[in-house]
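Both counts, for ligands and for their atoms, begin at 1 and track the order of listing.
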Amino acid sequence: MLANKDLLGIKELSFEEINLILDTAAGFKDILGRDIKKVPALRGKTTINLFYEPSTRTRTSFELAAKRLSTDVINFSVPTSSVVKGESLIDTVLTVQALGADFIIIRHSSAGVPHMLSRHLSASVINAGDGTNEHPTQALLDAFTIREKKGKIEGLSIAIVGDIIHSRVAKSNIYCLTALGANVRLIGPPTLIPRDTKSLGVSIFHNMEDGLKDADVLIMLRIQTERQGKGFFPSTEEYAKNWGLTPGRISYARGDAIVLHPGPMNRGIEIESEIADGPKSVILEQVTNGIAVRMAVMYLLSGVKR
Ligand code: CP
């Protein structure tokens with residue numbers, strides 16, 4: 001079982017806990033392949049999805065994971081709630097807990113919000129993305145997908161490409177994949193890779209051809225225009241020309257390399273459609289695997305003594 005009642009970030013997980021989540025997810029993936037996809041494991045529990053930022057994949061995937069485990073699920077609608085009348089975040093979550101929530105899945109634009117809430121709540125808090133800090137279930141589903149496709153993670157060369165500085169997915173992936181023994185490379189312009197990242201045990205490349213050479217796995221990141229000021233790169237056309245994944249560039253990676261993207265994609269900017277829809281892409285498999293991984297997280301958190 002896991003040590004803490006909350007999943008706040010990969011940083012807080014041990015090597016054993018990461019592997020336990022991945023192994024448990026494999027069991028749930030088998031169940032999701034059956035005709036009857038639902039198990040009674042968490043019957044009687046209540047899940048509240050509390051998303052202060054937009055989401056397609058994560059919110060839907062948590063909702064399905066919670067339903068497959070037989071919990072009741074409420075999708076809290078922030079724009080039509082008393083948040084618009086000025087109700088504070090802490091009053092909102094205490095209210096939601098008083099309504100009987102056992103799991104509170106939170107996405108927020110401010111880094112550290114899940115950590116703050118965890119100190120006030122007896123319910124399990126699951127971080128679904130906090131600002132530019134972490135997105136732990138995305139990294140876990142990425143690791144699950146890589147392990148499923150490659151049979152291992154230890155020793156693989158995994159390139160994370162693009163807007164590292166604004167990416168909570170990149171941070172969680174760096175923590176997760178280095179913990180599991182991968183050789184992680186970050187590729188992008190100097191303006192989009194924080195200078196202190198090297199201390200996390202990764203290699204840094206400012207040239208696609210060098211960074212992609214013989215890579216086993218490519219994780220392409222979305223250019224996050226909504227989090228950026230101006231001046232990180234001259235234009236999206238310039239970015240695509242230098243850092244976009246094209247059929248020509250992917251030829252520098254190993255012949256059996258796979259391509260991941262957390263979504264949503266900017267087609268024609270960080271990734272060409274020919275790659276996104278091509279045989280090396282596992283992007284939709286990532287989405288499918290997200291349900292099993294989130295089921296595993298919720299199931300394991302439910303067993304933590306509090
Ligand atoms: N990967 C991811 O977080 O996607 P959504 O923003 O659609 O949830």
Side-chain angles (χ1 to χ4, degrees), residues 7-11 21-22 25 47-68 73-79 103-114 125-146 148-149 158 160-177 192 217-228 245 258-267 269-271 275-277 281-298:
L7 177 64
L8 303 178
I10 300 291
K11 210 174 178 179
I21 294 169
L22 301 184
T47 302
I48 308 238
N49 268 328
L50 194 53
F51 278 58
Y52 283 76
E53 276 191 339
S55 169
T56 297
R57 281 146 285 266
T58 313
R59 195 195 60 74
T60 314
S61 176
F62 266 116
E63 181 176 352
L64 278 170
K67 285 180 170 166
R68 300 284 188 246
V73 186
I74 303 290
N75 288 310
F76 183 91
S77 166
V78 172
F103 298 96
I104 296 179
I105 321 278
I106 176 93
R107 171 172 284 191
H108 201 281
S109 58
S110 296
V113 160
V125 176
I126 302 179
N127 183 358
D130 63 324
T132 58
N133 180 41
E134 279 221 44
H135 190 348
T137 56
Q138 180 68 45
L140 290 164
L141 74 88
D142 290 349
F144 182 90
T145 306
I146 295 167
E148 191 177 54
K149 289 284 161 193
I158 302 181
I160 306 177
V161 186
D163 188 356
I164 312 284
I165 199 165
H166 298 103
S167 175
R168 53 197 178 206
V169 174
K171 283 186 198 75
S172 288
N173 263 320
I174 292 169
Y175 295 136
C176 188
L177 296 169
L192 291 180
V217 178
L218 282 58
I219 301 177
M220 304 307 296
L221 297 175
R222 181 171 71 88
I223 286 297
Q224 301 199 30
T225 44
E226 78 278 19
R227 291 194 210 280
Q228 291 180 8
L245 189 62
I258 55 170
V259 178
L260 289 80
H261 191 304
M265 288 184 276
N266 297 303
R267 287 173 182 261
I269 300 178
E270 71 263 4
I271 189 165
I275 308 286
D277 304 327
S281 171
V282 295
I283 294 168
L284 292 176
E285 286 166 80
Q286 288 173 266
V287 176
T288 304
N289 289 337
I291 303 171
V293 166
R294 291 175 173 120
M295 286 174 80
V297 167
M298 295 179 72

- Message: Tell me whether Arg107 contacts the main-chain N or O of Pro54 through its side chain, where contact means a donor paired with an acceptor under 3.5 Å.
- Response: yes
- Under 4.0 Å from ligand 1, residues with heavy atoms, in chain and number order, are Ser55, Thr56, Arg57, Thr58, Arg107, His135, Gln138, Pro262, Gly263
- Message: Taking the basic N atoms (NZ, or NE/NH1/NH2) and the acidic carboxylate oxygens, is any pair closer than 4.0 Å for Arg267 and Asp277?
- Response: yes
- Item | Donor-acceptor contact present, side-chain Gln224 to main-chain His166, <3.5 Å | yes
- Query: With no hydrogens and no angle check, is any side-chain donor or acceptor of Lys149 less than 3.5 Å from a backbone partner on Ile258?
  - Reply: no
- Is there a donor-acceptor pair under 3.5 Å between the side chain of Ser281 and the backbone N or O of Ala276? yes
- Item | NZ/NE/NH1/NH2 to OD/OE distance under 4.0 Å, Arg57 and Glu63 | no
